[in-house]
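Contents: one structure, followed by commentary.
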Amino acid sequence: MNYDFAASWPFLIMGYLLGSIAFGVVLTRITGAGDLRAIGSGNIGATNVLRTGKKGLAAATLLLDLLKGTAAVLLAQLFSNIFLYGNPLDAGLAAAIGAFLGHLYPLWLKFKGGKGVATYAGITLGLCWPVGLLFAVIWIATLLIMRISSLAGLLASIIAPLSALYWGGPKIATILMLCTALIIWRHRENIGRLLKGEEPKVGSK
């Protein structure tokens, strides 16, 4: 299980640049909803966009944050194949890491980004669609039943690398494990509230 890091760094950078596009911040500004970082939790993701009361805007943020992860992976694999540069799988993995880190730590927002669940979903779809599909099913089902966004994202993210061992292989599973570890770290405050039974539900004040 060897990664071709030497040839993959351009795809890592490309993925980072795509991932660092904070659609939540961009959409709330151009629609006059204000600075998302000064609203609710201050997070740049779709859950916080929902706190503006604009459901359509939240849905658009969720979709775009997801698609930037998928696009990073697919573009990297496409360029690798067209230009015969590096290994397409490694190119996709590098772009996946880049997109995920770009969302979590965007340079233009002083490295203060989101928690990464939607972008994680996007990279799983790009790397191995069955894993991405299972991620989406668990995420949506948990959200509908429990109405707790953080719990849904955490559960789906924990199961993703396990399912990748079956459908995607050890390379993909290893990368997703690293992403899951970062998801858990970024949700450490949410986990604390979950353990205390104090985590707010979607739609609550």
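- Between Trp167 and Leu134, the closest side-chain pair of non-hydrogen atoms falls below 4.5 Å.
- Two residues are said to be in side-chain contact when any heavy atoms from C-beta on lie closer than 4.5 Å; Lys55 and Leu50 meet this criterion.
- Ile184 has its side chain within reach of Ile191: a pair of non-hydrogen atoms, C-beta onward, lies under 4.5 Å apart.
- Between Phe135 and Ile159 the shortest side-chain heavy-atom distance does not fall below 4.5 Å.
- Hydrophobic cluster membership is shared by Phe79 and Ile13, with clusters built from Ile, Leu, Val, Met, Phe, Trp and Tyr side chains linked at under 4.5 angstrom.
- The backbone N or O of Ala152 lies less than 3.5 Å from no partner atom in the side chain of Thr142, so there is not a single donor-acceptor pair.
- With a 4.5 Å cut-off on side-chain heavy atoms, Leu64 and Val26 do not count as touching.
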Intermediate values then yes/no, side chain to side chain contact (heavy atoms under 4.5 Å, CB included), Val49 and Leu27: CA-CA 9 Å; Val49 175; Leu27 291 176; over 6 Å; no
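- Under a hydrophobic-cluster definition in which Ile, Leu, Val, Met, Phe, Trp and Tyr are linked whenever side-chain heavy atoms come within less than 4.5 Å, directly or via other members, Leu107 and Leu101 are assigned to the same cluster.
- No side-chain donor-acceptor contact under 3.5 Å links Ser80 to the backbone of Ala76.
- By the criterion of side-chain heavy atoms lying less than 4.5 angstrom apart, applied directly or through intervening Ile, Leu, Val, Met, Phe, Trp or Tyr residues, Trp129 is not grouped with Leu89; the two fall into different hydrophobic clusters.
- Judged purely by atom type and a 3.5 angstrom limit, Asn81 uses its side chain to pair as donor or acceptor with the backbone of Gln77.
- Residues Leu63, Leu66, Leu67 make up the rest of the hydrophobic cluster containing Leu125, defined by ILVMFWY side-chain heavy atoms closer than 4.5 Å, directly or through other members.
- For the atom pair Phe11 CZ and Leu93 CG, the distance stands at 12.0 Å (nearest 0.5 Å).
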Full working for side chain to side chain contact (heavy atoms under 4.5 Å, CB included) between Ile123 and Cys179: CA-CA 10 Å; Ile123 65 175; Cys179 292; 4.0 Å; yes
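- The 12-atom threshold is exceeded at CE of Met177, counting heavy atoms of other residues, nucleotides or ligands nearer than 6.0 Å.
- Contact annotation: the side chain of Lys171 approaches that of Asp90 to within less than 4.5 Å [non-hydrogen atoms, C-beta and beyond].
- Put simply, CG on Leu151 and CZ on Arg193 are 13.0 Å apart, with the number rounded to the nearest 0.5 Å.
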Residue pair His103, Ile21: steps toward the side chain to side chain contact (heavy atoms under 4.5 Å, CB included) verdict: CA-CA 7 Å; His103 182 80; Ile21 302 172; over 6 Å; no
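- Within the cation-pi definition used here (under 6.0 Å to the ring centroid, within 45° of the axis), Arg186 qualifies as a partner of Tyr105.
- At least one side-chain heavy atom of Asp65 sits under 4.5 Å from a side-chain heavy atom of Lys68.
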Candidate pair Ile183 and Lys115, rule side chain to side chain contact (heavy atoms under 4.5 Å, CB included), full reasoning: CA-CA 6 Å; Ile183 286 274; Lys115 294 183 178 178; 5.8 Å; no
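- One hydrophobic cluster, built from ILVMFWY side chains closer than 4.5 Å, cannot hold both Leu74 and Leu176; they sit in different ones.
- Judged by distance alone, the side chain of Ser20 and the main-chain N or O of Leu17 form a donor-acceptor pair under 3.5 Å.
- Linking ILVMFWY side-chain heavy atoms closer than 4.5 Å, directly or via other members, places Trp9 and Leu84 in two distinct hydrophobic clusters.
- Sorted by first then second residue, the side-chain hydrogen bond (donor to acceptor under 3.5 Å, both in side chains) pairs that include residues 148-160, not counting sequence neighbours, are Thr47-Ser149, Ser150-Glu199.
- The closest side-chain heavy-atom distance from Ile172 to Thr124 is not below 4.5 Å.
- For Ala72 against Ala95, the heavy-atom pair with the smallest separation is O-CB, 3.3 Å.
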